[in-house]
Amino acid sequence: SLTERAIARHEVREIEQRHTVDGPRQDVTLDEEDDVVIIYNRVPKTASTSFTNIAYDLCAKNKYHVLHINTTKNNPVMSLQDQVRFVKNVTSWKEMKPGFYHGHISYLDFAKFGVKKKPIYINVIRDPIERLVSYYYFLRFGDDYRPGLRRRKQGDKK
């Protein structure tokens with residue numbers, strides 16, 4: 001609603017004022033090319049783990065930061081309060097720019113919070129049938145990252 005957005009904008013402005021008055025971030029100035037944030041909204045079973053691993057492999061060489069967005073109970077939708085915090089953290093955490101954020105999150109319009117320099121959103125998509133086949137084998141056999149994990153929908157491996 002309009003009232004919630006107005007409150008959220010007010011909270012963002014308050015946080016910005018606190019950080020510029022007494023926070024450590026005022027010392028850091030960024031070039032235009034370093035003031036970049038990419039948000040990779042991971043779609044399950046579209047090779048998102050492989051894609052993210054490439055980002056981790058290249059971050060030191062290419063001088064950017066990779067950050068995982070971990071939401072409560074893997075819920076991709078954030079409360080308005082969490083949206084305000086997320087927008088503020090992403091836009092003002094200058095020490096972590098340029099940044100590559102990844103996680104299972106819903107799109108968030110940063111402009112609604114008064115942000116001028118918005119992040120770049122990216123996704124990877126996959127043929128729907130191939131994605132379904134990948135999901136089937138994932139449920140049946142798991143993955144290499146948590147080999148002992150037993151999933152509810154796993155079923156019989158025979």
Side-chain angles (χ1 to χ4, degrees), residues 1-127 130-131 134-135 138 142-147 149 151:
S1 77
L2 291 174
T3 307
E4 288 178 325
R5 285 192 192 125
I7 292 169
R9 280 194 206 101
H10 177 73
E11 287 184 24
V12 168
R13 271 187 251 119
E14 267 186 6
I15 294 168
E16 279 177 346
Q17 288 171 351
R18 272 196 302 246
H19 284 298
T20 54
V21 171
D22 56 15
R25 296 177 185 155
Q26 65 191 15
D27 303 324
V28 180
T29 55
L30 296 173
D31 295 335
E32 176 106 8
E33 64 209 30
D34 290 334
D35 192 19
V36 174
V37 171
I38 295 174
I39 298 178
Y40 173 40
N41 180 10
R42 297 175 64 161
V43 176
K45 312 321 305 159
T46 60
S48 59
T49 300
S50 299
F51 186 76
T52 302
N53 286 342
I54 293 169
Y56 279 110
D57 290 345
L58 297 175
C59 67
K61 179 181 177 184
N62 293 304
K63 297 180 177 67
Y64 64 89
H65 301 89
V66 178
L67 301 105
H68 178 238
I69 304 165
N70 192 7
T71 57
T72 306
K73 297 180 183 174
N74 290 324
N75 184 1
V77 180
M78 291 186 252
S79 69
L80 183 61
Q81 186 177 12
D82 287 340
Q83 289 177 29
V84 169
R85 279 191 226 133
F86 181 70
V87 167
K88 189 66 221 142
N89 287 336
V90 167
T91 56
S92 67
W93 197 2
K94 293 179 182 174
E95 295 85 0
M96 290 309 227
K97 288 184 181 178
F100 179 89
Y101 290 74
H102 66 94
H104 298 289
I105 61 161
S106 296
Y107 173 78
L108 183 59
D109 186 2
F110 279 60
K112 287 182 180 178
F113 297 93
V115 173
K116 290 176 185 72
K117 179 80 174 162
K118 297 177 283 191
I120 300 165
Y121 274 88
I122 63 171
N123 289 95
V124 174
I125 58 172
R126 187 175 191 176
D127 175 78
E130 287 184 23
R131 187 172 173 233
S134 175
Y135 183 59
F138 174 73
D143 58 17
D144 295 337
Y145 294 96
R146 295 177 288 175
L149 181 65
R151 291 174 174 79

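For clarity, every value in this text was computed on a predicted model and none was experimentally measured. Heavy-atom basis, side chains included; hydrogens, waters and symmetry copies ignored. If you read the sequence from its start, that first residue is 1, and numbering goes on from there.
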Just list the side-chain donor-acceptor pairs under 3.5 Å for residues 115-125, sequence neighbours left out, or say none.
from, atom 1, to, atom 2, distance (Å)
Tyr121, OH, Leu108, N, 3.2
Tyr121, OH, Leu108, O, 3.2
Asn123, ND2, Asn41, O, 2.6

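Here the closest non-hydrogen pair linking Thr91 and Val87 is OG1-O, 2.7 Å. Nearest heavy atom pair, residue Pro76 against residue Thr71, reads N-OG1, 4.4 Å. Considering every non-hydrogen atom in both Ala47 and Arg126, the closest pair reads N-NH1, 4.3 Å. Heavy-atom minimum distance, Ala55 versus Phe100: CB-CE2, 3.6 Å.
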Exercise for the section: Test Phe113 against Lys88 for side chain to side chain contact (heavy atoms under 4.5 Å, CB included), laying out the working first. Expected result: CA-CA 9 Å; Phe113 297 93; Lys88 189 66 221 142; over 6 Å; no

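To the nearest 0.5 angstrom, Met96 atom CE is 7.0 Å from Tyr101 atom OH. Atom OG1 of Thr52 sits about 8.0 Å away from atom NE2 of His68, to the nearest 0.5 Å.
Residues satisfying the side chain to side chain donor-acceptor pair (under 3.5 Å) criterion with Asn53, sequence neighbours excluded, are Tyr145. In this view, Lys97 and Asp35 satisfy the salt bridge (charged side-chain N to carboxylate O under 4.0 Å, His left out) rule, not counting sequence neighbours. Taking the side chain to side chain donor-acceptor pair (under 3.5 Å) definition, one finds that Thr49 meets it with Arg42, sequence neighbours left out. Residues meeting the side chain to side chain donor-acceptor pair (under 3.5 Å) test with Tyr56, sequence neighbours left out: His102. Applying the side chain to side chain donor-acceptor pair (under 3.5 Å) criterion to Ser79, with sequence neighbours excluded, gives Asp82.
Looking at heavy atoms from C-beta onward, Pro44 lies in side-chain contact with Arg131 at the 4.5 angstrom threshold. Residues Phe86 and Ile69 meet the side-chain proximity criterion, which asks for heavy atoms closer than 4.5 Å. Residues Phe110 and Ile39 have side chains in contact (heavy-atom distance under 4.5 Å, counting atoms from C-beta outward).
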